[in-house]
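Can you keep this structure in mind? I'll have questions shortly.
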Amino acid sequence: MKYTIYILAVVFILITSCKEEKDCLDYGGNSGLILYEVEMGKCYSVLDTSKIIVNDTVLFKKLPQFTIDSVQQSLGCAPSPSRPTLDFDTITLLGAKTEAKGCIVTYERKVNYSEADNNIIYTIDIHECGECNENRISMNWVAIKKRKNIDNLQVLVRYH
């Protein structure tokens with residue numbers, strides 16, 4: 001009987017701690033003006049800028065200039081890492097750097113447009129789970145329908 005109580009207590013602790021990890025996976029997704037997430041690969045996961053609007057192939061080809069040499073070297077990246085093929089006649093690429101800690105990190109991303117001041121508002125809700133303290137850096141690359149002459153990219157990051 002004594003061992004049964006210990007076993008039940010251990011099982012209960014394991015279930016409740018695993019439940020927290022699982023709940024973190026319930027978050028995530030994109031909404032608002034986001035057409036899709038853009039997988040840029042590990043070599044563009046960290047840039048030397050906190051936010052970026054890419055509206056044409058000229059700036060897109062210059063992205064290697066925004067990378068950080070020491071980070072690129074530690075990731076084993078080439079001097080000019082490859083990028084996906086994107087159609088800048090139809091999309092605008094947005095990137096916003098975030099840092100989070102956790103065994104599991106999920107992102108809810110939303111992009112809106114403010115006509116009043118010609119700004120893009122990019123909201124990123126970050127859900128950090130687990131106690132492993134692993135540092136996660138992301139540029140949160142997303143594509144939206146083509147927007148020319150945007151005055152500003154306003155980024156709001158909220159941690160949960």
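All values derive from a computational prediction rather than experimental measurement.
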Do the cysteine sulfurs of Cys77 and Cys43 sit under 2.5 angstrom from one another? yes
Side chain to side chain, Leu94 and Val111, heavy atoms closer than 4.5 Å: yes
Less than 4.5 Å apart, side chain to side chain, heavy atoms only: is that true for Ser45 and Met139? no
Side chain to side chain donor-acceptor pair (under 3.5 Å), that's the test. Do Glu108 and His160 meet it? Break it down for me. CA-CA 11 Å; Glu108 289 179 89; His160 302 276; 5.6 Å; no
Side chain of Asp56, backbone of Leu59: donor and acceptor closer than 3.5 Å? yes
So Thr98 and Ile137, do their side chains get closer than 4.5 Å, heavy atoms only? no
Evaluate the side-chain proximity of Tyr107 to Asn140: yes if any heavy-atom separation is below 4.5 Å, no if none is. yes
Let me check something: do Leu63 and Leu86 share a hydrophobic cluster, defined by ILVMFWY side-chain heavy atoms less than 4.5 Å apart, either directly or through other members? yes
Flag the pair Arg158 / Ile126 as yes when at least one side-chain heavy-atom distance between them is below 4.5 Å, and no otherwise. no
Please check if the side chain of Lys146 supplies one atom and the backbone of Phe88 the other of a donor-acceptor pair under 3.5 Å. yes
Measure from the side-chain N and O atoms of Lys42 to the backbone N and O of Leu75, and report whether any donor-acceptor pair falls under 3.5 Å. yes
Quick check against the 3.5 Å criterion: does Lys97 have a side-chain atom that pairs as donor or acceptor with the backbone of Leu47? yes
Between Arg109 and Tyr122, is NZ or CZ placed under 6.0 angstrom from the six-membered ring centre and within 45° of the ring axis? no
Keeping the roles fixed (side chain from Arg83, backbone from Pro81), state whether a donor-acceptor pair exists under 3.5 Å. yes
